Q: 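Could you have a look at this structure, given as structure tokens, before my questions?
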Amino acid sequence: MAESLGDLVRTHYCGELRPEHVGQTVTLMGWAATRRDLGGVIFIDLRDREGICQVVARPEVSQTAHDAADDVRTEYVLAVVGEVAKRSEDTVNPALPTGAVEVEVKEIRVLNEARTPVFPIEDDVDTSEEIRLKYRYLDLRRPKMLENMRLRHRVTMEIRRHMDEQGFLDVETPILAKSTPEGARDYLVPSRVHHGSFYALPQSPQLFKQLLMISGFDKYYQIPRCFRDEDLRADRQPEFTQVDVEVSFAREETIYDLMEPLFQRLVRLLGVEVTRPFPRMEYSEAMERYGTDKPDLRFGMPITDVSDEMATLGLLTFPDLIKDGARARAFALPASGGVSGMRLRKINEEVWLGRILPDARASKRNLFTLKATEEAVAGLGKKGASEDVARRMLEKAGAEKDDVLLVGVDQPEPVAMAMGILRLAMGRELKLIDEKAYRFLWVTGFPLVEFDKNEKRWASLHHPFTSPVPEDLPLLDSDPGKARARAYDLVLNGTEIGGGSIRIHDSALQARIFKLLSISDQEARNRFGFFLDALQHGTPPHGGIALGLDRIVSILAGEDSIREVIAFPKTASATDLMTEAPSTVSDAQLGDLGIMAVRK
RNA sequence: GGGGUGGUAGUUCAGUCUGGUUAGAACGCCGGCCUGUCACGUCGGAGGUCGCGGGUUCGAGUCCCGUCCACCCCGCCA
């Protein structure tokens, strides 16, 4: 039976007891992590937020406490009063920070009983995520999850300190906002007062923060929740947290100079130093050399175009190359890797079949390998290929002796992407990635717009308020796809952790961009009328950035999924397994909102 | 919307390819013994809609069809 807390007051956390406390009578409150009943003496590992300490119940110290300990079960909530005692030399547990001491219990109160936990409250449990999410409150008892949430707290505190020191104002913006046509699908909230009208949950506070610049707030930041109703991934949740920043009279360097010291502070939380300035790379170079707009710079193996060489090599096994426009792209696997041909083919097949060409028209012909040895080159020569060209190709890709050159052949887009993925896969396979490294990279020079083949119109790559690079303005009419944006992404270890831009502050240019995006005056007025008006009321040049807090914390925590750093995340199908949201609601609730549900 | 992996005891898994007595293991749980354990030990015990529905078969955890759920990826995510 549960007992009352009474007048007991906690004096210490379990995890903080040390030899210096020996002799003190302490009162601990916590959960019974394990119980070891040796018949006469009973040990209980008591766990709280700060750690675990061993509690020992001996009948000769207190028979009632021993009797109470006898009834304790895993995860019972206990109040323990006892004296901190030094453990004898041979019973010290070096695995515990509190292992040099234990608490000789005088009184145990069972504050609450507990059902047997459905899974053990330990790190390194490989319990299915489904079960973990259903019983998330138990999952969060695991030390690793607690540590992740604590790290998240420290990160947000550090961000707030930095932004405050830099003179930024934290301003809250609406959660019930207006739907905008561009971008992700909105989460909608029906209006009870205005039947048939809807608020949208913000995808980001984009327009509000720009309006704050127009208001003269000069430096704004916020750590808001954002919502996007799109399909999910390991690094994407329907609701996620941004660090949202906007600065007046800013150019790119203003943002870099603000962000780089911030990230220096954040990795310093882990005892890591990174140097400034962070490297920068043009988008075109990132695509060219890494096959992605978010290169992982923790390892090498940059990709090179060897189309000319492959075309003149004299091997007829790559007919795709002869077809219109196919390209050959290559990188050199280090000789030390020692990856088997079989394994390589399997990985390549997964990359090409699984990701790039799901309709399975790929074959082994998509990948050509050449070992950087004279024998291999001579072997090619025997098949009628040009040895000179083979050598030139090896050299061009920077292959050293005994390296293995991987050459992918396909249409430009698939091959660039495939080789980017293959590079990453091989980097992981060969353990070339330094897991302790934090490699930041600014990627700049993104295209302003890209052609949407489905909608047959130009669409913003970033968002429609992004300023074009001034010297590219003429291209807006002649060749919009070539115009670059004043946008920048911040990449950490191959993950995009933030992105931003210098904004358009001129209403005429903004109108011109809307026109380019085939957003009619009428539509622009409907959707952004308030904003276009605002732009005409003295808008300072401004720019900003939005950081993905969940992703940042997950990388710092060494986790592969942002769900590991979110207390109550949702599944890949956007449900909450614990609360079972979303759920149906009563017809009365719907009636209030003027809504009729159409069920599938 | 598409591709992949998985779903068997409270938990993690084996068994499925090649259908055949009573579906196993470990941990956990329950009970006994045990006064220095910390993965306590030891003896005993309980515990299963094999995700769900249908089909094939003398017989289905196993084969077939459908469906649901979780995870990863593509599309999507300004």
Side-chain angles (χ1 to χ4, degrees), chain A residues 33-45 52-61 66 73-75 85 87-96 98-99 102 115-122 124-135 138 180-186 203-204 206-207 226-238 240 350-360 414 417-418 421 425 446 448-450 452-454 458-466 485 487 496 499-501 513 517 519 546 548 560-561 563 570-573 575 577 580:
Chain A
T34 62
R35 173 173 158 280
R36 293 178 293 280
D37 182 352
L38 274 66
V41 64
I42 297 173
F43 297 97
I44 293 171
D45 285 348
I52 280 179
C53 96
Q54 176 165 282
V55 167
V56 53
R58 294 194 294 181
E60 58 267 37
V61 174
H66 183 267
R73 293 293 178 272
T74 310
E75 298 307 313
R87 296 204 202 177
S88 68
E89 203 69 20
D90 53 327
T91 59
V92 165
N93 183 355
L96 282 182
T98 60
E102 63 192 2
R115 281 160 55 177
T116 303
V118 293
F119 53 83
I121 311 300
E122 291 165 12
D124 311 320
V125 289
D126 42 2
T127 306
S128 77
E129 199 163 352
E130 201 168 348
I131 301 286
R132 289 176 55 205
L133 288 177
K134 182 168 179 188
Y135 301 95
L138 293 181
T180 51
E182 292 265 324
R185 200 175 290 116
D186 285 320
Q203 298 176 23
S204 86
Q206 185 59 36
L207 290 176
C226 302
F227 307 85
R228 291 176 192 176
D229 188 1
E230 295 292 347
D231 288 340
L232 307 178
R233 292 283 189 282
D235 61 354
R236 278 165 28 192
Q237 282 271 301
F240 59 101
E350 280 169 15
V351 166
W352 236 285
L353 293 181
R355 316 232 207 165
I356 311 303
L357 299 167
D359 54 348
M417 191 173 165
I421 294 169
F446 288 88
L448 183 71
V449 293
E450 62 184 347
D452 185 327
K453 289 179 194 118
N454 296 327
W458 293 99
S460 293
L461 205 73
H462 195 56
H463 59 58
F465 316 106
T466 301
E496 181 200 327
S501 63
I513 296 295
L517 301 175
I519 299 174
D560 290 330
S561 162
R563 291 187 301 274
K570 292 187 173 54
T571 67
S573 61
T575 64
L577 293 178
E580 298 185 318

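When reading the values below, keep in mind they use all heavy atoms of this one structure, side chains included, and skip hydrogens, waters and symmetry mates. All values reported here derive from a predicted model rather than from experimental measurement. Protein chains get the first letters and strands the later ones, always in sequence-line order, with residue 1 at the start of each.
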Q: I'd like the P distance from C64(B) over to G20(B), given in whole Å.
A: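 It comes out at 15 Å once rounded to the nearest Å.
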
Q: Can you check the Lys570(A) NZ to C71(B) P distance for me, whole Å?
A: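 Interatomic distance, NZ of Lys570(A) to P of C71(B): 13 Å.
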
Q: In whole Å, what separates the P atom of U8(B) from that of A14(B)?
A: 10 Å

Q: Working to the nearest 0.5 angstrom, can you tell me the gap between Glu102(A) CD and Asp45(A) CG?
A: 10.5 Å

Q: How about Asn93(A) and Gln54(A): does a side-chain donor come under 3.5 Å of a side-chain acceptor?
A: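 Checked: Asn93(A)/Gln54(A) side chains show no N/O donor-acceptor pair below 3.5 Å.
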
Q: Could you say whether Ala459(A) or Thr575(A) is positioned toward the 5' end of RNA chain B, judged by the nucleotide with the nearest heavy atom to each?
A: Thr575(A)

Q: In whole angstrom, give the distance that lies between atom CD of Glu450(A) and atom P of G75(B).
A: 11 Å

Q: The criterion is salt bridge (Lys or Arg N to Asp or Glu O under 4.0 Å); which residues satisfy it with Asp37(A), sequence neighbours excluded?
A: Arg35(A)

Q: Taking only residues two or more places apart in sequence or in another chain, which ones pass side-chain contact (heavy atoms from CB on, under 4.5 Å) with Ser128(A)?
A: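 In terms of side-chain contact (heavy atoms from CB on, under 4.5 Å), with neighbours along the sequence ignored, Ser128(A) is linked to Glu130(A), Ile131(A).
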
Q: Write down the protein N/O and nucleotide N/O pairs, taken from nucleotides 26-29 of chain B, whose separation is under 3.5 Å; answer none if there are no such pairs.
A:
residue	atom	partner	partner atom	Å
C29(B)	OP1	Thr74(A)	OG1	3.3

Q: Restricting to side-chain contact (heavy atoms from CB on, under 4.5 Å), what partner residues turn up for Arg563(A), sequence neighbours left out?
A: Glu129(A), Gln237(A), Ser561(A), Pro569(A)

Q: Are there over 12 heavy-atom neighbours, none belonging to Glu580(A), within less than 6.0 Å of that residue's CD?
A: no

Q: For the pair made of CD in Glu230(A) and P in G2(B), what is the distance, rounded to whole Å?
A: 17 Å

Q: Which nucleotide, if any, forms a Watson-Crick or G-U wobble pair with G61(B), using both distances under 3.5 Å?
A: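 Partner of G61(B): none found under 3.5 Å.
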
Q: Would you measure the distance from the P atom in C13(B) across to the matching atom in G19(B) and give it in whole Å?
A: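 Pairwise P distance, C13(B) against G19(B), rounds to 26 Å.
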
Q: Looking at the side chain of Arg236(A), which of C77(B), U12(B), A70(B) is the nearest nucleotide?
A: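 The closest nucleotide is C77(B).
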
Q: Determine the interatomic distance between P on A26(B) and the same-named atom on A46(B); round to the nearest Å.
A: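 Nearest-Å result for A26(B) against A46(B) at atom P: 15 Å.
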
Q: What residues, two or more places apart in sequence or in another chain, satisfy side-chain contact (heavy atoms from CB on, under 4.5 Å) together with Arg185(A)?
A: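 Applying side-chain contact (heavy atoms from CB on, under 4.5 Å) to Arg185(A) gives Asp229(A), Glu230(A).
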
Q: According to the Watson-Crick and G-U wobble definitions, with both distances under 3.5 Å, which nucleotide is paired to C71(B)?
A: G4(B)

Q: Given His66(A), which partner from the list Val61(A), Val41(A), Ile42(A), Val56(A) fulfils the side chain to side chain contact (heavy atoms under 4.5 Å, CB included) test?
A: Ile42(A)

Q: For the pair made of CD in Glu580(A) and C1' in C68(B), what is the distance, rounded to whole Å?
A: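 After rounding, the reported distance stands at 14 Å.
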
Q: Could you work out the separation of G75(B) and U11(B) based on their P atoms and round it to a whole Å?
A: 36 Å

Q: For Phe119(A) and C13(B), give me the distance from atom CZ to atom C1', rounded to whole Å.
A: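 Going from Phe119(A) (CZ) to C13(B) (C1'), I get 18 Å.
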
Q: Which whole-number value in Å describes the distance from Leu133(A) CG to U11(B) P?
A: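 Going from CG in Leu133(A) over to P in U11(B) covers 14 Å.
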
Q: Can you tell me if Thr575(A) uses its side chain to pair, donor with acceptor, with the backbone of Leu577(A) under 3.5 Å?
A: no

Q: Provide the distance between the two P atoms, one in G10(B) and one in U18(B), to the nearest whole Å.
A: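 Here G10(B) and U18(B) have their P atoms 31 Å from each other.
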
Q: At under 4.0 Å between heavy atoms, what does Leu232(A) touch on the DNA or RNA strands: base, sugar-phosphate, or nothing?
A: nothing

Q: What does Thr466(A) touch in the nucleic acid at a heavy-atom separation under 4.0 angstrom: a base, only the sugar-phosphate, or nothing?
A: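 Touches nothing.
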
Q: Does atom CG of Asp560(A) have more than 12 heavy-atom neighbours from other groups under 6.0 Å away?
A: no

Q: Looking at C27(B), which nucleotide sits across from it as a Watson-Crick or G-U wobble partner, both distances under 3.5 angstrom, or is there none?
A: G10(B)

Q: Rounding to an integer number of angstrom, what distance separates C69(B) and C50(B) when you compare their C1' atoms?
A: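 That atom pair is separated by 16 Å.
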
Q: Touch check for Arg35(A), heavy atoms < 4.0 angstrom, all strands: base, sugar-phosphate only, or nothing?
A: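 No contact.
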
Q: Starting at atom CG of Leu138(A), determine the distance to atom P of G10(B), rounded to an integer number of angstrom.
A: 16 Å

Q: At under 4.0 Å, does any side-chain N or O of Ser573(A) touch on OP1 or OP2 of A70(B)?
A: yes

Q: Could you work out the separation of G31(B) and G24(B) based on their C1' atoms and round it to a whole Å?
A: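 Result for the C1' pair: 24 Å, nearest Å.
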
Q: Summarise protein proximity over nucleotides 33-38 of chain B in one line of letters, 5' to 3': B for base, S for sugar-phosphate only, - for none, counting protein heavy atoms closer than 4.0 Å.
A: -BBBBB

Q: Tell me which of Pro464(A) and Ser561(A) sits closer to the 5' end of RNA chain B, going by the nucleotide each one is nearest to.
A: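 This one resolves to Ser561(A).
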
Q: Mind checking the CG-CH2 spacing from Leu517(A) to Trp458(A)? Nearest 0.5 Å is all I need.
A: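 Taking CG in Leu517(A) and CH2 in Trp458(A), the distance rounds to 10.5 Å.
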
Q: From the list C73(B), U11(B), C71(B), which nucleotide is the closest neighbour of the side chain of Ala234(A)?
A: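 For the Ala234(A) side chain, the nearest candidate turns out to be C73(B).
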
Q: CG of Leu577(A) versus C1' of C68(B): gap in Å, rounded?
A: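 After rounding, the gap between these two atoms is 13 Å.
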
